[in-house]
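So you know, we letter chains A, B, ... as the sequences are listed, proteins then strands, and number each from 1.
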Number of protein chains: 2
Amino acid sequence: MPPTRSKPEKPPDQSKVADAARVKATIREVAHRAGVSTATVSRALNRPEKVRAETRERVLQAVRETHFVFDGIAASMISRRSRTIGLIIPTITNSIYAASTQSIQHTAQAAGYTVLLGVSEFSPRLEADLAQRLLERRVDGLILTGGNHDQSLIEKMRTNGVPFLITWKLMRGKDWPSVSFDNYKAAWSAVEFLVSLGHRRLGLVCGRTDVNDRALDRRQAFEDCLERHGLAVDPVLIYERDFEMEEGASAMSAMLDTPEPPTAVFCANDIQAIGALSQCRERGLSVPGDISIIGFDDLPVTSYTRPKLTTVRVPAHDMGRRAAEIMIASIERQIPLQSVELQTELIARETTAPPRFRR
Amino acid sequence: MPPTRSKPEKPPDQSKVADAARVKATIREVAHRAGVSTATVSRALNRPEKVRAETRERVLQAVRETHFVFDGIAASMISRRSRTIGLIIPTITNSIYAASTQSIQHTAQAAGYTVLLGVSEFSPRLEADLAQRLLERRVDGLILTGGNHDQSLIEKMRTNGVPFLITWKLMRGKDWPSVSFDNYKAAWSAVEFLVSLGHRRLGLVCGRTDVNDRALDRRQAFEDCLERHGLAVDPVLIYERDFEMEEGASAMSAMLDTPEPPTAVFCANDIQAIGALSQCRERGLSVPGDISIIGFDDLPVTSYTRPKLTTVRVPAHDMGRRAAEIMIASIERQIPLQSVELQTELIARETTAPPRFRR
DNA sequence: TCTAAAAATGTAAACGTTTGCATTTTTGTT
DNA sequence: AACAAAAATGCAAACGTTTACATTTTTAGA
């Protein structure tokens, strides 16, 4: 029988070899080199205990030799799991979101997950588009910020059967699981603190409540707490602004130009508080002598303002870590998503004191 | 012939239908409903101009009716493109990295890309692991921070043929493309500024140069600039610390406890500068009367310290945007990655002045 | 040594798109 | 009306894994 092999198994594709430094190896080549089937390679890689030590070693050797790079996309395709978590936050620039993001990322990373990041810029519309894209990439879970979302987003998550978790806002009424502190309660404690110092005329600077339900909670607490103490809620002392120090400064400025300025101001976030504080000092006002200021978040920098800022410490890191942990537990062990309420703490530093003149 | 159909085509899987609100539709069902082939659906979705308007409309209608969610994983599988960019930064908590990250994210988002985020915590080892995971997820490109990387990482990127870009550090010597300002030059300008004010004894606080080549550049510039002016480089006035305000404060404290304290200090990042500034004021020293301080980065908060911090403005946003743009252009139009040098600017504010006593 | 059970491995069918090529339909020119 | 060219659509083969299920090998007990 003459040696006629009309169809050689695998013609070495010269062109391709020339292009890339090395042709990317697939599991198939690894299998061939190790003298096993692809199934065994897959097992050696994913569930090492399922293959004999000797075989495993042979496979690993082949992996090294071929410079094999696992294809997670192909794996996700069939296993229906991407080991990926979507995270949507309103902004990274505010370092308080950076803190929780860092923790989520850290926890996910440690568990072998990578996070897909989206920034919604406080727009539910943009958020929905973003989420759509994350869903298309088949994230195993989605971590959102706040409770203000486009209806279509919620539907899409349900359709895709993707679990989601809310951070930065406690979802009591709805059946959405959330990992957060209580914005209302925390803000209340801040206002209560000012009132307990003897302040009777209070001002508020907060985020835009139309796009930020955390700001809304905090404003609500401010108003309710004043009412509870029989104090006036003067609209001229309430400012909704963007998260910029400059905005805090200008809000404070407006307040001070008011016929009857407040003796204390609650800034519902530290960014604005820093601006407000700066504005007071710019005008030569003594803080807390002439006016008290309390912030919210406890950014690291608040220990370094002069005077040091009284504020409400928010468990940003814990929140991120817990959220990621709960999400991953849900993904891996089908543990239903559980809500968690975290606690805040009022950090009394140097920008608060009783008002100079008691009525 | 009796009607015996032993194998009905698609037995409705009751259990699944019960589980999920709706069974997820595939392109196949959309195609069937629209009365076209899957190829046409794919085209209608990806290259609308390639299908007749009428057909397109029919497909889109079917998409809506079936609540079809595109499977980007399956698409990536075959198209070899993931529309995904990997980004690895040392930390998010330092808001200067948050700024460039935000811009990268924003630009990518606008171009239809999703960013996969990794945080290396200044460890090349961890970074390599992280990158491996991103590569496994088949990112179309990788944006890294600085030039200090594990050899295995570089190899892997080459093996996978994934383009990468360095930010925050100009890669002159190596052939790696980078989008950055020149750390050395920028730091030099800061030190030069202090010297030009008349300072002769200078201190330095910077990041850990063993894990951070940006800090190394800046330190090098500090030392070289002093030497150039014939000034002493006193090791007792050089502090390498982590990026914490507290670290800046303690470094400054140590410097002030020195027999011959400096009249000016260059803090190679604003975080440490804020701590240093705070420490001076804590001790009742006048800044810039007794001591000058210059920072680096121009974080927003530096306009709100008292006195306002003199610093070097760094084009974090531009850098992020340009990096993302260049990466995407490279991915989509095979434009080779080009390096870009951005400029910095010295922002003279209130923490710098000539030394009180000239020699 | 034999045998049953357990462990290891192999076979092959998915997974849901994209895309080269073939075929059909439409358009435009004469 | 006929025809060529262009546009639209369809066919079917990938892409690189995972995973039931089947088969083979090993282990252990008698």
Side-chain angles (χ1 to χ4, degrees), chain A residues 10 13 16 23-59 62-63 66-84 133 135-138 140 159-161, chain B residues 10 13 16 23-59 62-63 66-84 133 135-138 140 159-161:
Chain A
K10 285 194 179 180
D13 187 340
K16 255 194 171 175
V23 174
K24 239 169 84 181
T26 74
I27 209 179
R28 216 164 242 107
E29 294 154 53
V30 173
H32 181 250
R33 194 177 200 104
V36 298
S37 70
T38 60
T40 300
V41 175
S42 174
R43 280 187 284 253
L45 261 24
N46 299 317
R47 270 186 298 271
E49 78 283 358
K50 285 280 175 191
V51 356
R52 214 175 352 168
E54 184 210 335
T55 315
R56 184 166 59 234
E57 196 38 61
R58 225 159 1 111
V59 170
V63 163
T66 55
H67 293 97
F68 169 71
V69 178
F70 185 80
D71 188 329
I73 295 278
S76 298
M77 171 96 196
I78 165 97
S79 73
R80 333 270 348 171
R81 304 228 354 249
S82 64
R83 295 189 78 78
T84 261
R133 216 176 292 156
L135 258 17
E136 288 184 356
R137 297 230 67 77
R138 292 221 303 237
D140 291 336
T159 313
N160 289 46
Chain B
K10 284 194 178 179
D13 187 339
K16 254 194 173 175
V23 174
K24 237 169 84 180
T26 75
I27 209 179
R28 218 165 241 104
E29 294 155 52
V30 174
H32 181 251
R33 195 178 200 102
V36 298
S37 71
T38 60
T40 300
V41 174
S42 174
R43 280 186 285 251
L45 260 25
N46 298 317
R47 269 186 299 270
E49 78 283 359
K50 285 278 176 194
V51 357
R52 211 172 359 162
E54 186 210 334
T55 315
R56 185 166 58 234
E57 195 36 62
R58 224 155 7 109
V59 170
V63 164
T66 55
H67 294 97
F68 169 71
V69 179
F70 185 80
D71 189 329
I73 296 278
S76 298
M77 171 96 196
I78 166 92
S79 72
R80 332 272 344 172
R81 305 226 358 248
S82 64
R83 293 189 79 75
T84 261
R133 217 175 292 156
L135 258 18
E136 288 184 356
R137 296 231 68 77
R138 292 223 302 239
D140 291 336
T159 312
N160 289 46

Is [X] near enough to [N] that one of its side-chain N or O atoms lies under 4.0 angstrom from OP1 or OP2?
{"X": "B:Thr55", "N": "D:dA8", "value": "no"}
{"X": "B:Thr38", "N": "C:dT17", "value": "no"}
{"X": "A:Arg80", "N": "D:dT18", "value": "no"}
{"X": "A:Arg52", "N": "C:dT9", "value": "yes"}
{"X": "A:Ser42", "N": "D:dT18", "value": "yes"}
{"X": "A:Ser79", "N": "D:dT18", "value": "no"}

Contact check, side chains of [X] and [Y], non-hydrogen atoms, under 4.5 Å:
{"X": "B:Arg33", "Y": "B:Val30", "answer": "no"}
{"X": "A:Thr84", "Y": "A:Arg138", "answer": "no"}
{"X": "A:Val51", "Y": "A:Val36", "answer": "no"}

I want to verify a distance call: between [options], whose nearest atom is closest to the [X] side chain?
{"X": "A:Ala39", "options": "C:dT9, C:dA12, D:dG16", "result": "C:dA12"}
{"X": "B:Ala75", "options": "C:dT19, C:dT17, D:dT17", "result": "C:dT17"}
{"X": "A:Phe70", "options": "D:dC15, D:dT17, C:dT18", "result": "D:dT17"}
{"X": "B:Asn46", "options": "D:dT9, C:dT18, C:dA12", "result": "C:dT18"}

Between [X] ([atom1]) and [N] ([atom2]), how many Å, whole number?
{"X": "B:Asn160", "N": "D:dC15", "atom1": "CG", "atom2": "C1'", "answer": "16 Å"}
{"X": "A:Ile78", "N": "D:dT18", "atom1": "CD1", "atom2": "C1'", "answer": "5 Å"}
{"X": "B:Met77", "N": "D:dA14", "atom1": "CE", "atom2": "P", "answer": "13 Å"}
{"X": "A:Glu54", "N": "D:dT25", "atom1": "CD", "atom2": "P", "answer": "14 Å"}
{"X": "B:His32", "N": "D:dG10", "atom1": "NE2", "atom2": "P", "answer": "13 Å"}
{"X": "A:Lys50", "N": "C:dT9", "atom1": "NZ", "atom2": "P", "answer": "12 Å"}
{"X": "B:Ile73", "N": "C:dT17", "atom1": "CD1", "atom2": "P", "answer": "12 Å"}
{"X": "A:Lys24", "N": "D:dG16", "atom1": "NZ", "atom2": "P", "answer": "8 Å"}

Next item on the list: Determine the contact category for A:Val41: base if any of its heavy atoms lies under 4.0 Å from a base atom, sugar-phosphate if only primed atoms, P, OP1 or OP2 are that close, otherwise nothing.
Entry: nothing
Next item on the list: Work out which heavy atom in A:Asp140 is nearest to a heavy atom in A:Ser82; give both atom names and the distance.
Entry: OD1-N, 3.0 Å
Notebook entry, point to check: If every non-hydrogen atom of A:Arg137 is compared with every non-hydrogen atom of B:Ser76, which pair is closest and at what distance?
Noted result: NH2-OG, 2.8 Å
Margin query: Pick the closest DNA chain C nucleotide for B:Asp71 and for B:Arg47 by heavy atoms, then say which residue is nearer the 5' end.
Written below: B:Asp71
Next item on the list: Look at the side chain of B:Arg43 and the base of D:dG10, then say whether one donor and one acceptor between them are separated by less than 3.5 Å.
Entry: yes
Check: Looking at C:dG16, does its base get a donor-acceptor pair with the side chain of A:Arg138 below 3.5 Å?
Finding: no
Check: Mapping B:Ala74 and B:Arg58 to their closest nucleotides on DNA chain D, which lands nearer the 5' end?
Finding: B:Arg58
Check: So, B:Arg56 side chain and B:Pro48 main chain: donor-acceptor pair closer than 3.5 Å or not?
Finding: yes
